[in-house]
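Presented below is the structure to which this report refers.
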Protein chains: 2
Amino acid sequence: MLDERSRQVLRAVVQSYINKLEPVGSRFVTKKYALGCSPATIRNIMADLEDLGFLSQPHTSAGRVPTDKGYRFYVNFLGDAGEYGEQDAELKDCVCRFTRRLEGIGSDLNGMFVEVTNALSSMSNYIGVVMPPRPESTTFNRIDFIRYKADKVVAVLLTDEGVIKNKMLSVDVAFTQEDLNRIAGYLNSEYSGRTIDEIKSILVKKMRQEKAAWDKLITNAIKIYEEATSFAEEDFFVSGLYDVMGLPDFSDMSRIREISRAIKDKHAILKLLEELSSAEGVQVVIGNENPVEELKGQSVVASTYKEGERPMGVIALIGPTRMDYSKAIYMVDAISKCISRTFE
Amino acid sequence: MLDERSRQVLRAVVQSYINKLEPVGSRFVTKKYALGCSPATIRNIMADLEDLGFLSQPHTSAGRVPTDKGYRFYVNFLGDAGEYGEQDAELKDCVCRFTRRLEGIGSDLNGMFVEVTNALSSMSNYIGVVMPPRPESTTFNRIDFIRYKADKVVAVLLTDEGVIKNKMLSVDVAFTQEDLNRIAGYLNSEYSGRTIDEIKSILVKKMRQEKAAWDKLITNAIKIYEEATSFAEEDFFVSGLYDVMGLPDFSDMSRIREISRAIKDKHAILKLLEELSSAEGVQVVIGNENPVEELKGQSVVASTYKEGERPMGVIALIGPTRMDYSKAIYMVDAISKCISRTFE
DNA sequence: ATTAGCACTCTCATGTCGAGAGTGCTAATC
DNA sequence: GATTAGCACTCTCGACATGAGAGTGCTAAT
């Protein structure tokens, strides 16, 4: 589709633009990359690339800037194979140290996710996002009820993956702690090992059938499951808004405002990540390809983490379209694998 | 100190500036506020106020802008007595609806705090902050241990105030659930009702004395208490960075960057809030009075909430120096009282 | 003591100009 | 026939000037 030299020029433009953030001219390319031809030749090639839609000029007689299509081509064909592994020693070292740190944390999932978002954002200067395991891919380990004052019960839900969720419930009947233990025991023996969603539907059915004495608590149990279900839609982990404000891309404020609105809404981002979660490997969404209105103009690099073969959740980096894709892809890939490993 | 008319002019300038965010000129004051004298007179008075340090001009022949001292005087003497109660019906309505909503939430403290920060920021367009109860003012209700997989125990800590805290611990000895219950029972009967800090010091002493079989778990229990202690330093609740970005004061970005750095650090803000927590009633810190470097240039309106007579924590609004103090004070006061009420 | 009038000052938006950077085209070159 | 050198052209950007607008400070009149 593109001859070798055109590719080299395209790669040169993209890389230069990623670093300098200024339109790159023909002279600059010849100087920095020894392609063995003169500025004029480069100009011709660049004009061709522009016709093909890979580059564009902010105005006549400025340098060229990659279009989304240009980045896409770069990501697909140019930074390919092996090159994503070639990162500076410093970054590799960072990731490595982080990996070791993560192993130390063990199975406190929430704590781990906080660490992961922080690591993602501080290493990359982009926004780090982690979507925790979706309830349908999470299996119930056990539930416990703790009596708290006369009319309150605290429910603590554990999943096999290490998610802990607690919720205070108000109850009408005054249960003793023994009552609660019995009920918890029943639920645990009956349902341990199933997915949260399964249990929810079973319990809903049961509730319709029996109107036993502890109906009330089952109702409450269902409330918890609903909490746990809504978990993924409420809490996902974000960090790096501050880091990203340091980038020259966002000196303008309006972008930041858009992004932070998107994050505040959460809904849109979650939908996006969910879409990406079905695919294998590292996903890259560039600029306008992004279905979320507020994030057109940003790029997203995402990857799922798994328990064995089952995909659990997604981690992602959000940054400007001119983000350092090779670095971002490397990081997201490395860290998602690292999370997967902790599940073993 | 200031004659009546000077005060009126000062108040007029402050209020106008708060609304318009533009330097206010003498003509404008005569038009908007019927003080019964001409622009020239106002000019004289304004010149006096400037000499006294209450007003300043961005440049010769712009209108006047209040200084920090001007705001301070306004807050102390001009917006006084009763006036803070006179808010638009809409705001009052909002606060009222919120109060009712809070009562519905009941004793899930964390959930409540999230609600409170959201309410604070969305009603005011400033940044809402809540500092949760400090561990020294929090009393232990009960702890429970839940066995999770072979070598993990989840500890759940409840305080009388409704704070729930959980933590996954790794243990060497394989406890049965009965072991754990016995240990929890012992701790609960022994220590319930004391403050977290007390217990911590007692346990540390005990640990030195006994080297019993369940030593390990006491060590872990102490770990949890340490967690609970660090609680206030880690998690405080903030929201509204997005709302604040909409304000014209922050079209400039550098301020936002400062603020978000301050929030990210947390430390500085916590220190400030802690200082404010010792005082009675609503505290107002204006601009340069602020000890935190990053927040000079912002103002903070804060108030403690209490359980009975004991101060528990602080809620605050952070906004530009030209914030609507009367509204902010009203809100912070109303909401802190409202929180206090839920503890009864 | 207050006010009207007027000169003065400062900002801000607008417009002009030249330097600099980069292109596109054409003609010469390998 | 592909590549290159040369040159005119275009566009941005900062510097500088200009004029309108807003607001002041001062003085003289009320």
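Each chain gets a letter, A, B and so on, in the order its sequence line appears, and its residues count up from 1. Atom set for the values below is all heavy atoms of this structure, side chains included, hydrogens, waters and symmetry mates excluded.
Distances from the side chain of Ala40(B) to the nucleotides dG25(D), dT3(C), dG24(C) place dT3(C) closest. Distances from the side chain of Arg5(A) to the nucleotides dT9(C), dT3(D), dT4(D) place dT3(D) closest.
Toward the 5' end of DNA chain D, the nearer of the two residues Ser26(B) and Asn44(A), judged by each one's closest nucleotide, is Asn44(A). Residues Glu50(A) and Thr60(B) each lie close to DNA chain C; by heavy-atom proximity, the contact nearer the 5' end of the strand is made by Thr60(B).
Between Glu22(A) atom CD and dA21(C) atom C1' there is a gap of 11 Å when expressed in whole angstrom units. Rounded to an integer number of Å, the gap from Lys31(B) NZ to dG23(D) P is 10 Å. Note: CG (Asp48(B)) to P (dC26(D)) measures 12 Å, nearest angstrom. Distance His59(B) NE2 to dG21(D) P: 17 Å, rounded to the nearest Å. Rounded to an integer number of Å, the gap from CD1 of Ile45(A) to C1' of dG24(C) is 15 Å. The CD atom of Gln57(B) sits 13 Å away from the C1' atom of dC8(C) (whole-angstrom rounding). Straight-line distance from the CD1 atom of Ile42(B) to the C1' atom of dG25(D): 15 Å, rounded to whole Å. The interatomic distance linking Arg27(B) (CZ) with dG5(C) (C1') rounds to 14 Å, in whole Å.
Thr41(A) has no side-chain polar atom (N or O) that falls below the 4.0 Å cut-off from OP1 or OP2 of dT3(D). Applying the 4.0 Å criterion to OP1 and OP2 of dT3(D), one finds that Ser38(A) has every side-chain N and O outside that range.
Looking at Asp265(A), its side chain never comes within 3.5 Å of a backbone N or O of Ala268(A) through a donor-acceptor pair.
Using Watson-Crick or G-U wobble geometry with both donor-acceptor distances under 3.5 Å, dC10(C) finds its partner in dG21(D). Nucleotide dA28(D) has dT3(C) as its partner under the Watson-Crick or G-U criteria, with both atom distances under 3.5 Å.
When only modelled atom types and interatomic distance are considered, Ser121(A) and Ser239(A) share a side-chain donor-acceptor pair under 3.5 Å.
A salt bridge links Asp243(B) with Lys264(A): the distance from a Lys NZ or Arg NE/NH1/NH2 to an Asp or Glu carboxylate oxygen falls below 4.0 Å. A salt bridge links Asp249(B) with Arg322(B): at least one charged nitrogen is closer than 4.0 Å to a carboxylate oxygen.
In this model, a side-chain donor or acceptor of Ser61(B) finds a partner on the base of dT9(C) within 3.5 Å. No hydrogens or angles were tested; on distance alone, a donor-acceptor pair under 3.5 Å links the side chain of Arg43(B) to the base of dG25(D).
Of all heavy-atom pairs between Thr67(B) and Ser56(B), the closest is CG2-CB, 3.8 Å.
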